S.K.: 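Right, I'll just put the structure down here and ask away after.
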2 protein chains.
Amino acid sequence: METSNQPDPHWMVTALAALAHEHRLAAYRLLVEAGPPGVAAGEIAARLGLVPSSLTFHIQALLRAGLVTQRRASRHVIYAADFAAMNGFIGFLMQNCCGQGVVACAPCAPVQTDFNQAQTA
Amino acid sequence: METSNQPDPHWMVTALAALAHEHRLAAYRLLVEAGPPGVAAGEIAARLGLVPSSLTFHIQALLRAGLVTQRRASRHVIYAADFAAMNGFIGFLMQNCCGQGVVACAPCAPVQTDFNQAQTA
DNA sequence: TTGACGTTTCCATGATTATCGAAATGAGGA
DNA sequence: TCCTCATTTCGATAATCATGGAAACGTCAA
């Protein structure tokens, strides 16, 4: 029963810290929007207005946290969001920070992206 | 249709940073477990093995981020998790970091205790 | 009013993070 | 091979964060 491997608190701290910066959160959102094809380092830097070395500094935090993947395409280095990692990240928050037994937190209600999924629950 | 007021990226960075520390994440989880009754500052410090001034330092980060509430009960100061804030926090992540249009991220799947969802995609 | 308790503020110290320029590395194209 | 482009590494600097002791503050009981 694939219960989505639960991340440990130590990793959570690393991942939270990785996202806890204006530029890194922006970079991550950029990669989420781009999807699996990803975005080249230089283009991320350009869109965020960062010098190359700063981009590397920030994106390596995301890389170390396992939130993004890295691959090489010719001369470019392409970064892409790791959705499985984000899955585990959010899963931890919902299971550990949303009140187990407490009903005050309604995690699933807000999403429903936009495609009408007739999910009964 | 109460769509859960969407937090802005700036607040997200503040909240992420607030949780991105071993002691603060532990404190927050403690408060989540305690629920609405909350826990006194001294007891949080004792359970986490922190000196009073350090506890104050860390918990004020959570307070500034709006993730916890503070109230006074006699000589004690009681802190409690703000579940609405965590709701918004997770909501932002699911809407902005989970791939809009991309199906690779299955936000709600992990929680749903264990009922078999026949999600084809 | 006095005293004890719980908590916060203040202060100094050390550690970590963020930034940018310059140099080094790696990967094509001529 | 030589040159250029894309990215990373290195080094220095400034800023922010984390820690704990000591003092101050507010609250309650006697």
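Below, chain A is the first sequence line, B the second, and so on; all start at residue 1. These figures come from a predicted structure and were not determined experimentally.
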S.K.: Would you call the rings of A/His58 and A/His21 parallel, tilted or perpendicular if under 30° counts as parallel and over 60° as perpendicular?
M.R.: tilted
S.K.: What is the nucleic acid contact for A/Ala45, judged by heavy atoms within less than 4.0 Å: base, sugar-phosphate only, or nothing?
M.R.: nothing
S.K.: Side chain of A/Tyr79 only, please: which of C/dT9, D/dT8, D/dA18 is the nearest?
M.R.: D/dT8
S.K.: Please tell me if A/Ser53 has a side-chain N or O lying less than 4.0 Å from either OP1 or OP2 of C/dC20.
M.R.: no
S.K.: Once you apply a heavy-atom cut-off of 4.0 Å, does B/Ser74 come out as touching a base, just sugar-phosphate, or nothing?
M.R.: sugar-phosphate
S.K.: Linking I/L/V/M/F/W/Y whenever their side-chain heavy atoms sit closer than 4.5 Å, directly or via other members, would B/Phe57 and B/Val39 fall into one cluster?
M.R.: no
S.K.: What's the closest nucleotide to the side chain of B/Phe57 if the choices are D/dC17, D/dT7, C/dA18?
M.R.: D/dC17
S.K.: Contact class for B/Thr56 (heavy atom, under 4.0 Å): base, sugar-phosphate, or nothing?
M.R.: base
S.K.: Is there any side-chain hydrogen bond (donor to acceptor under 3.5 Å, both in side chains) pair reaching into residues 8-19 of chain A, and which pairs are they, with sequence neighbours excluded?
M.R.: none
S.K.: What nucleic acid atoms does B/Gln70 come within less than 4.0 Å of, heavy atoms only: base, sugar-phosphate, or nothing?
M.R.: sugar-phosphate
S.K.: Examine C/dG26: is either OP1 or OP2 under 4.0 Å from a nitrogen or oxygen in the side chain of A/His76? Give yes or no.
M.R.: no
S.K.: Please pick, from D/dC5, C/dT19, D/dT8, the nucleotide with the shortest atom-to-atom distance to any side-chain atom of A/His23.
M.R.: C/dT19
